[in-house]
Amino acid sequence: MNQHLTPKVEGAAEKFPVETIRAMFPALQQAGDFIFLDNAAGAQIPQSVLDAVTNHLVSHNVQRGGRYGRSIAVDKTVADARESVALLVNAYDPAEICFGMNATSFIRLVSLGVGQMLSERNEIIITDMDHDANIATWLALEPLGATFKWWRMREDGNLHTDDLKPLVSENTRLVACTVTAHSIGSIVDVASVAKIAHAVGAEVFLDCVHYGPHSLIDVQAWDCDYLVCSGYKNFSPHMGFLWGRFETLKRLPTFKEDFIPNEPPHKVEAGTFIYENVAGMDAAVQYLELVGRNLAPANNRSRRENIVSGMAAIRVYELDLARAMLKELKDCGAIIYGVSDEARINERVPTFCFNIPNLSPQMVVEQMSERQIGIRDGHMYAPRLMKRLNLSMDSGAIRASLVHYNTLDEVRRFGEVLREIIAAEG
């Protein structure tokens with residue numbers, strides 16, 4: 001059974017304190033009638049995250065590594081954030097958390113290192129459901145001797161591990177796949193992926209960028225070897241982080257200056273990253289802890305337990321949002337790409353990729369914008385998926401993506417506006 005599956009809880013939307021949560025997000029308070037339904041391209045941030053960034057810039061916007069107080073404060077900011085993110089992903093050790101610019105740059109960093117260690121094991125398995133960042137970076141290793149096998153999405157809109165089993169062999173170096181498709185919202189059973197890959201001695205690299213805001217990350221339960229994530233979808237400013245098993249990162253060839261220790265995280269964090277955004281990521285994790293602590297108060301509960309509680313509540317609430325959005329799209333006659341059967345709703349997050357027959361995606365999105373609803377159209381940085389879905393790169397599809405600060409009323413408003421657009425163009 002897919003370990004991501006969450007039981008249906010009736011009335012979750014009524015119990016979830018969405019208005020209290022929305023009050024924590026200044027952008028939502030200032031937006032007026034505007035509805036944020038482009039969260040897959042970046043979520044809004046709580047006031048506490050903004051405060052953390054501002055405090056860093058005002059109080060200690062200096063370089064770390066000095067002997068004076070402000071510089072020492074930067075060292076503490078980074079160390080605190082490393083501990084928080086380690087708790088977020090359930091790392092074995094905070095030293096396994098590496099900070100940087102974005103997930104794509106970390107995928108490239110790992111791929112370059114893996115490319116130098118291919119030897120006889122030179123096969124890399126990639127999927128046609130991933131963001132191109134988790135495909136092109138691996139394909140770039142072909143001049144170094146890498147060969148590739150494609151794990152392809154089925155017509156039901158998801159990757160199936162039964163299709164992965166015949167692809168792996170003693171030549172498999174690594175399986176690279178997403179945890180959740182950024183384009184169509186499908187969740188992959190990555191714990192089973194790791195079992196299949198490790199059975200032949202291969203490693204697993206996970207793109208967790210889109211899964212992060214929706215449900216609990218657990219690198220220990222998933223038994224993966226590498227994982228990348230980005231702050232900007234996880235209620236933080238723009239930044240990225242890499243998790244890897246300590247010994248795995250220690251073996252990985254990386255670029256570093258001679259004076260940098262040859263062990264993680266130092267060997268991975270070349271140059272100066274954006275400390276204020278790392279401070280924001282720390283605050284974003286604390287925000288998720290706060291959600292869990294407020295929803296299920298308990299004495300002596302650990303920080304990780306509060307994260308688990310918060311993400312569980314978010315997941316259940318978002319399933320209600322997903323059911324409501326699925327109904328609105330079906331009522332409008334939309335072509336839904338990915339999981340569209342409500343009985344399989346647990347296999348997705350509330351990110352919906354769709355088209356309306358005989359209407360261009362661009363026109364629909366522009367009309368939505370005029371009515372104060374922000375959604376997105378295009379190829380979603382997934383050219384191979386677009387080809388698989390028989391969609392043109394020029395037009396692509398429409399994507400509406402929700403997170404836990406969205407409401408059922410916003411979903412209903414989206415449906416009303418979509419019906420108005422269809423009626424006007426019919």
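One is the number of the first residue; the rest follow in order along the sequence.
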Side-chain (Thr351) to main-chain (Ser401) donor-acceptor, under 3.5 angstrom: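 Not confirmed, Thr351 side chain does not pair with Ser401 backbone.
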
Stepwise side chain to side chain donor-acceptor pair (under 3.5 Å) check, Asn39 with Tyr405: CA-CA 10 Å; Asn39 298 290; Tyr405 53 60; 2.5 Å; yes

Ser236/Tyr232 under side chain to side chain donor-acceptor pair (under 3.5 Å): CA gap, chis, key distance, verdict: CA-CA 5 Å; Ser236 161; Tyr232 74 98; over 6 Å; no

Answer yes if the side chains of [X] and [Y] hold a donor-acceptor pair under 3.5 Å, and no otherwise.
X	Y	answer
Asp394	His379	no
Asn262	His266	no
Asn171	Arg121	no
Ser48	Asp51	no

Parallel, tilted or perpendicular: rings of Trp243 and Tyr92 (30°, 60°):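 Plane angle between 30° and 60°, so tilted.
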
His131 and His182 aromatic ring geometry - parallel, tilted or perpendicular at 30°/60° bounds: tilted

Verdict with supporting geometry, Asp223 and Arg245, salt bridge (charged side-chain N to carboxylate O under 4.0 Å, His left out): CA-CA 10 Å; Asp223 197 26; Arg245 297 176 186 270; 2.4 Å; yes

Around [X], counting heavy atoms of other residues, nucleotides and ligands shown, do more than 12 lie under 6.0 Å from its [atom1]?
X	atom1	answer
Tyr381	OH	no
Gln63	CD	yes
Glu170	CD	no
Glu257	CD	yes

Could [X] and [Y] be called an ion pair, given the rule that one side-chain N must be under 4.0 Å from one carboxylate O?
X	Y	answer
Asp128	Lys387	no
Lys149	Glu123	yes
Asp218	Arg304	yes
Arg173	Glu203	yes
Glu410	Arg22	yes
Arg82	Glu96	no
Asp377	Arg399	no

Side chain proximity check, Cys224 to Phe205, heavy atoms < 4.5 angstrom: no

Candidate pair Asp163 and Arg154, rule salt bridge (charged side-chain N to carboxylate O under 4.0 Å, His left out), full reasoning: CA-CA 9 Å; Asp163 300 332; Arg154 287 193 190 177; 2.8 Å; yes

Distance-minimising heavy-atom pair for Phe246 and Ala95: CE1-CB, 3.9 Å

Stepwise side-chain contact (heavy atoms from CB on, under 4.5 Å) check, Asn102 with His238: CA-CA 7 Å; Asn102 50 55; His238 285 264; over 6 Å; no

Side chain to side chain donor-acceptor pair (under 3.5 Å) between Arg303 and Ser84, worked out: CA-CA 9 Å; Arg303 294 183 66 191; Ser84 290; 2.7 Å; yes

Residue pair Arg388, Glu155: steps toward the salt bridge (charged side-chain N to carboxylate O under 4.0 Å, His left out) verdict: CA-CA 9 Å; Arg388 174 66 187 277; Glu155 294 302 318; 3.1 Å; yes

Candidate list Lys233, Glu318, Gln44, test side chain to side chain contact (heavy atoms under 4.5 Å, CB included), partner Val403, passing option: Glu318

Name of the residue among Val168, Leu167, Val204 meeting side chain to side chain contact (heavy atoms under 4.5 Å, CB included) with Ile196: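 Per the side chain to side chain contact (heavy atoms under 4.5 Å, CB included) rule, the option paired with Ile196 is Val168, out of Val168, Leu167, Val204.
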
Tyr287 ring center within less than 6.0 Å of Phe25 ring center: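 Close enough - the centres of the two rings lie under 6.0 Å apart.
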
Residues His214, Tyr317; criterion ring-ring contact (aromatic ring centres under 6.0 Å, His included); working and verdict: CA-CA 10 Å; His214 300 293; Tyr317 173 68; over 10 Å; no

Full working for side chain to side chain donor-acceptor pair (under 3.5 Å) between Tyr337 and Asn355: CA-CA 8 Å; Tyr337 306 108; Asn355 272 321; 3.1 Å; yes

